[in-house]
Amino acid sequence: MASRKKQSFLGGAAILASAVAIVKILGAVYKIPFGNIVGSEGQTYFNVAYNIYNVLLTISTAGLPLAISKLTSQAHTQGRENQKKKIFSTAIWLFFVLGLAGTLLMYFGAERLASFMNEPLGYWPIRALSPAVFCVCLLACMRGYTQGQGNMTPTAVSQILEALCKLVLGLTLAWYFLKLGLGLDIAAAGAILGVTAGTVLSLLYLIFYLLRYRDKKASLDVPDSGGSIMRQILAIGIPITLSNSAMSIITLVDTKIVLGRLRDIPALADSAAELFGQYTFGMNLINLPPSFVFPVTMSLIPFAAAALTRRDHAEAGRIVSSGFRLVAVLAIPAGVGLSMLGGPALLMLYPRRQADALAAAPHMRWLGIACIFICLMNLTNVILQTYGRERVPIYTVIAGGIVKVVMNYILVGNPDINIHGAPVSTLCCYMVIVGLNLFFVWKYSPEKPHYLQIFVKPVTASVLMGGAAWAIHGFVSRALADSRSAYGANALATVLGIFAGVVVYGVLVVALRILRAEDLRSLPRGEKLAKLLHLR
């Protein structure tokens, strides 16, 4: 029985991690055709609305669903069916009120919110996204309820449905509205409608699922009062909400500051939306590697949590070190590669927006390195939470956010630097967060991780890889300098450069023995991969 429970637990975690990975990848891929359709200016209108939505969403759903999941899990384990139903019926009204308040705020306050963000043309995207707040709040309650019973499949399916609808319908509407001759703000609102429709479809699926598979077993347990359950939900959920809301709020404030500082420069006032959109072009590409690294991080957490429960600190320390090595092996070369070839990659991915891609290319030198620290931040946050230090990431994120806001105010407000200061502040922000997180992981880990041993070899291999990729790209570009198709020449040079970098890095990973066999055992088919790479 214990073995089956453990397999169920790990299997559920794997299902959820896989779904989140798919959703993140779909979300990142969505931004590439979207950028080709609406360009840098349209992306700014989209991001203004989405950043406001993200803050309301995080406040409403970041910690409370986890509280519902935890309370439901406890009742499920105790066989208290009436308690489970009472938790859900109490929570659904809480989320109904939160969702309705958020939707009304975005819909009727769209004009004021757009003005607050220093981008009046964000009005229609904000309104188009407003119904999604209500839907997602109800979704969060239902997902927390099903997860608390050990069933991750409804959450996984609903998240993928949401992402697919956003991808297909959102891009179609954005393209169609532009074809009708409507403005970029309306096209961005069309893309946002895809997000809203996705939440509606996902909500309908979960309602159908809960009605079809509702538990009809009779139970004699006496549930707690609604007030008692509400207090328990808030006591568990509010601290987690504060932790997860910090970065969303900082991003919102930072977007307002960057747009405001650009508009304060007379020569750039009319092009502020376009300049900010060029910066987000680079961020779209930077968000891809964390999408692939995330499931690796999540796959390790159940094993580390189980080891800590057994008080096997040596095993937990080994798993944490393996997590660091895996993320280092994936994130560092990805960041170096984006820093070296990010500009050519943008030109290849955005053929219809070559001017925007060319303007965004200099940002990639900084953002590529920032990508490494974003991946490490995600890993270290999860490690600290696994060690029971949930509040530490709140403080480190706030510290990094303050650095980002202050540096953007100073650098972006300088006419000679303007938008080029944004990627620098982003890199410094995540460096501060990761630096602090690494210190606290070392402080609170019973088995201290050896950072020098973990990072030296991946950094060395990544630098050599980056040099090889850059050299091959440069050689092919010069050889095809007289080609009739500048786009084709750049695309071929970029692909060959990436391929050369992958080959060189793969050889160095094996030759330098950067990975160990134990690092792969927690991953799907890890044993076979370890044998294939001759790891010990």
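Below, all heavy atoms of this structure are taken into account, side chains as well, without hydrogens, waters or symmetry copies.
Put simply, the side chain of Asn490 gets close to the backbone of Pro344: a donor and an acceptor are under 3.5 Å apart. When atom types are taken as modelled, the side chain of Ser339 and the backbone of Gly368 share no donor-acceptor pair closer than 3.5 angstrom. A donor-acceptor pair under 3.5 Å links the side-chain atoms of Thr380 to the main chain of Met377, judged by distance alone. Side-chain N or O atoms of Asn408 include none that pairs as donor or acceptor with a backbone N or O of Val258 at under 3.5 Å. Without hydrogens or angle criteria, Lys448 side chain to Ser445 main chain gives a donor-acceptor distance under 3.5 Å. A distance-only check finds no donor-acceptor pair linking the side chain of Asn118 to the backbone of Leu259 [under 3.5 Å]. With hydrogens and angles ignored, the 3.5 Å screen pairs no side-chain donor or acceptor of Lys404 with any backbone N or O of Asp254. With hydrogens and angles disregarded, no donor-acceptor distance shorter than 3.5 Å links the side chain of Gln43 to the backbone of Thr280. For the pair Tyr430 (side chain) and Ile372 (backbone), a donor-acceptor distance under 3.5 Å is absent.
Between Ser202 and Arg143, the side chains place a donor N or O and an acceptor N or O closer than 3.5 Å (distance only, hydrogens not considered). With hydrogens and angles left out, the side-chain atoms of Asn51 and Thr251 include no donor and acceptor closer than 3.5 Å. Ser425 and Tyr409 form no side-chain donor-acceptor contact under 3.5 Å, judged by distance and modelled atom types alone.
Note that CD of Gln278 is 10.5 Å distant from CD of Glu41, once rounded to the nearest 0.5 Å.
Counting heavy atoms of neighbouring residues, nucleotides and ligands inside a 6.0 Å radius, atom CZ of Phe475 does not exceed 12 of them. Within 6.0 Å of OH in Tyr451 there are more than 12 heavy atoms belonging to other residues, nucleotides or ligands.
Salt bridge status for Arg353 with Glu274: absent, with no side-chain N to carboxylate O gap under 4.0 Å.
Classification of the His363-Tyr279 ring pair by plane angle, with boundaries at 30° and 60°, yields perpendicular.
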Derivation and outcome, ring-ring contact (aromatic ring centres under 6.0 Å, His included), residues Phe440 and Tyr387: CA-CA 11 Å; Phe440 287 114; Tyr387 277 124; over 10 Å; no

